[in-house]
4 protein chains.
Amino acid sequence: MAGSVNKVILIGNLGKDPEIRTFGNGGKVANFSIATSESWRDKQSGEKREKTEWHNIAVFGEGLVGVIERYVKKGSKLYIEGKLQTRKWQDRDGNDKYTTEVVLQGPGTTLTMLDSAGGQGGGGRMGGGGSQGGGYNQDRGGYGNMDQGGGSRSASTMEGPKGDFDLDDDIPF
Amino acid sequence: MAGSVNKVILIGNLGKDPEIRTFGNGGKVANFSIATSESWRDKQSGEKREKTEWHNIAVFGEGLVGVIERYVKKGSKLYIEGKLQTRKWQDRDGNDKYTTEVVLQGPGTTLTMLDSAGGQGGGGRMGGGGSQGGGYNQDRGGYGNMDQGGGSRSASTMEGPKGDFDLDDDIPF
Amino acid sequence: MAGSVNKVILIGNLGKDPEIRTFGNGGKVANFSIATSESWRDKQSGEKREKTEWHNIAVFGEGLVGVIERYVKKGSKLYIEGKLQTRKWQDRDGNDKYTTEVVLQGPGTTLTMLDSAGGQGGGGRMGGGGSQGGGYNQDRGGYGNMDQGGGSRSASTMEGPKGDFDLDDDIPF
Amino acid sequence: MAGSVNKVILIGNLGKDPEIRTFGNGGKVANFSIATSESWRDKQSGEKREKTEWHNIAVFGEGLVGVIERYVKKGSKLYIEGKLQTRKWQDRDGNDKYTTEVVLQGPGTTLTMLDSAGGQGGGGRMGGGGSQGGGYNQDRGGYGNMDQGGGSRSASTMEGPKGDFDLDDDIPF
DNA sequence: TTTT
DNA sequence: TTTT
């Protein structure tokens, strides 16, 4: 459908170190979750309340994943611009499960580090497009041992050495 | 946590008419899903591919829900600005299930109708704050027959007659 | 026009301390500018280039301005969600001048502090609505000595003691 | 500065047909303005008020400009994701002037057509990066007859025939 | 200058 | 599981 927009903007901190996985074709994913929270004053009781929300993030592509591998860790504060995606998988008993993630892959998706402290700086933006994950319907809610989307050049095509933003190269520190 | 942001921006069309439910306290929810899609050209095959994503939307509060009741239907194109929320519920077998939704409730959440044709117009923005849903852990993934969050005035407090944007009133048609 | 959106999202640092002004009616504005920058690699030369952009921010309303007065200063890093507005004014020679600003006033506008260091914390969101600035066409590009928009209660109505987010009160520190 | 974000999201209609210009190097710009408006109820008088804001848009790059040339015209409704930029120029009397525009150039900038009627569809996203405008300080507030930023390949590199989103090609109508 |  |  032309004329649609799917955008998620989050600022929050990682609860744990990211997990990095490599596909058969050399592509990479980084998975982690970040917390956002909001607070408000309850109308009835007048008490302050707070609620924390955890978001699952999946980042594809060597470049951005490389940045994450090196600079993002438990506690890091990130600005994330991705898209909402739900994927279906089966648990070991064959039950259908659905996981909704914020995916950084392809145009219009970004990640910026917001820590002012030591390991800060960095950031990167996905290259011009690249193969989409298509369908990764695997067990246990993970991305299994599948090839990611297309063939062996997909990830590197996305933000390889000819990319406009040579992520591995452009990180200013 | 101060310093976090949780924002989802979607433009898409409804797959079906919205479902409206009323809570014991008089509050209302509208539930519906909207589709976004993206297309790209596959690197290997050179073929065009397209993928549609469905997003579950939950809108709380009389005012906005009133707008939806009257003007939003299957096929309507909407601009939505909400927040990501995952809630846990149990199916009839007692299994834990998780549903991630785009929630419109409280400040910074909006809905705008983008159809230029007939039933168009409208739009509205959530009032200044209001009670948060807190926890609505019910069966079957629905919002059941619970009170929503706080007490009996929560929904109407959110955007009631004293609200700055009297939604029921300000819709310019 | 129903069906329009005007939203600016910025993350950047203040170049100088904010300037706070009070209107005749007791309303307040905070003015400051924040820098964003982007870097890229030049296609021809292969050199890295960087460009910094300065954005003029105007925040209206006692609550948010109070937060700024107390916690925001030169160097602070902010997340800002506002709207684009251009106002016309005359310089001392009577020439028409135009200034485009990112305005935080009314629904859907927010400010969050992103500094992890000392003077951090805070944040706030504009209340449910409130009078709009309407027209403040004054000399020297400033907001002069005019009343802001409506009458004497406009600013306080916007996020006064009855507001859902009593900003002066809810800042968690 | 790493860690900054500069993003503008607009939905509105064009007041006039776009103006397309070609640079010496073959690059192209499309300039047009779109209106957004907001309405609110005045606190004092209780009257409805409305205010329209006009935004200057500048789109660089053959691909997107080609889409605009063919499908965007007076009255079209667009979703735009760009960045805020202010440029300085001199009028014929040598006076400094500043123009703030929403620029679509490089990663993270997009345009989607939202008209449901006849000439609808389309959309496109800027490629991976590309030369930045750098400085185009010319008279009359226009982009004059300068080369745009880099050399003759900048625009086509940005979203040329090898681009992931072959804009000229992918428009589904 | 648009649109509703 | 983070952060304040």
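Protein chains get the first letters and strands the later ones, always in sequence-line order, with residue 1 at the start of each. No experiment lies behind these values; they were computed from the predicted model shown.
As rounded to whole Å, 16 Å separates atom P of F/dT1 from atom CD of A/Glu53. Between the CD1 atom of D/Ile34 and the P atom of E/dT3 there is a distance of 13 Å, given to the nearest Å. Rounded to whole Å, the distance from NZ on D/Lys73 to P on E/dT1 is 20 Å. Atom CE of B/Met113 is separated from atom P of E/dT3 by 19 Å (rounded to the nearest Å). Distance, A/Phe32 CZ to F/dT2 P: 16 Å, rounded to whole Å. Spacing between atom CG of A/Leu78 and atom P of F/dT3 amounts to 13 Å, rounded to whole angstrom units. With rounding to whole Å, D/Asp17 atom CG is found 12 Å from E/dT2 atom P. Protein atom CG of D/Asn56 is 14 Å distant from nucleotide atom C1' of E/dT2, rounded to whole Å.
When C/Thr109, C/Thr110, C/Ile68, C/Val65 are each tested for a side-chain contact (heavy atoms from CB on, under 4.5 Å) with C/Leu104, only one passes: C/Thr109.
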Practice task
Starting from the C-alpha separation in whole Å, work towards a yes-or-no answer on salt bridge (Lys or Arg N to Asp or Glu O under 4.0 Å) for D/Glu53 and C/Lys83.
Solution key: CA-CA 10 Å; D/Glu53 194 69 37; C/Lys83 55 195 166 190; over 6 Å; no
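The aromatic ring of D/Trp54 does not stack onto the base of E/dT2, failing the criterion of a centre distance under 5.5 Å from the six-membered base ring together with planes under 30° apart.
Note that the NZ atom of B/Lys77 and the CG atom of D/Asp115 stand 9.5 Å from one another [nearest 0.5 Å].
In the set E/dT1, F/dT1, E/dT2, the nucleotide with an atom closest to the side chain of D/Thr52 is E/dT2. Comparing atom distances between the D/Asn13 side chain and each of F/dT2, F/dT4, E/dT2 picks out E/dT2 as nearest. The D/Glu50 side chain lies nearest to E/dT4 when the options are E/dT4, E/dT1, F/dT4.
Remark: the A/Ser33 side chain and the F/dT1 base include a donor-acceptor N/O pair separated by less than 3.5 Å.
Counted by atom type alone, A/Trp89 and A/Thr99 present one or more donor-acceptor pairs between their side chains at under 3.5 Å.
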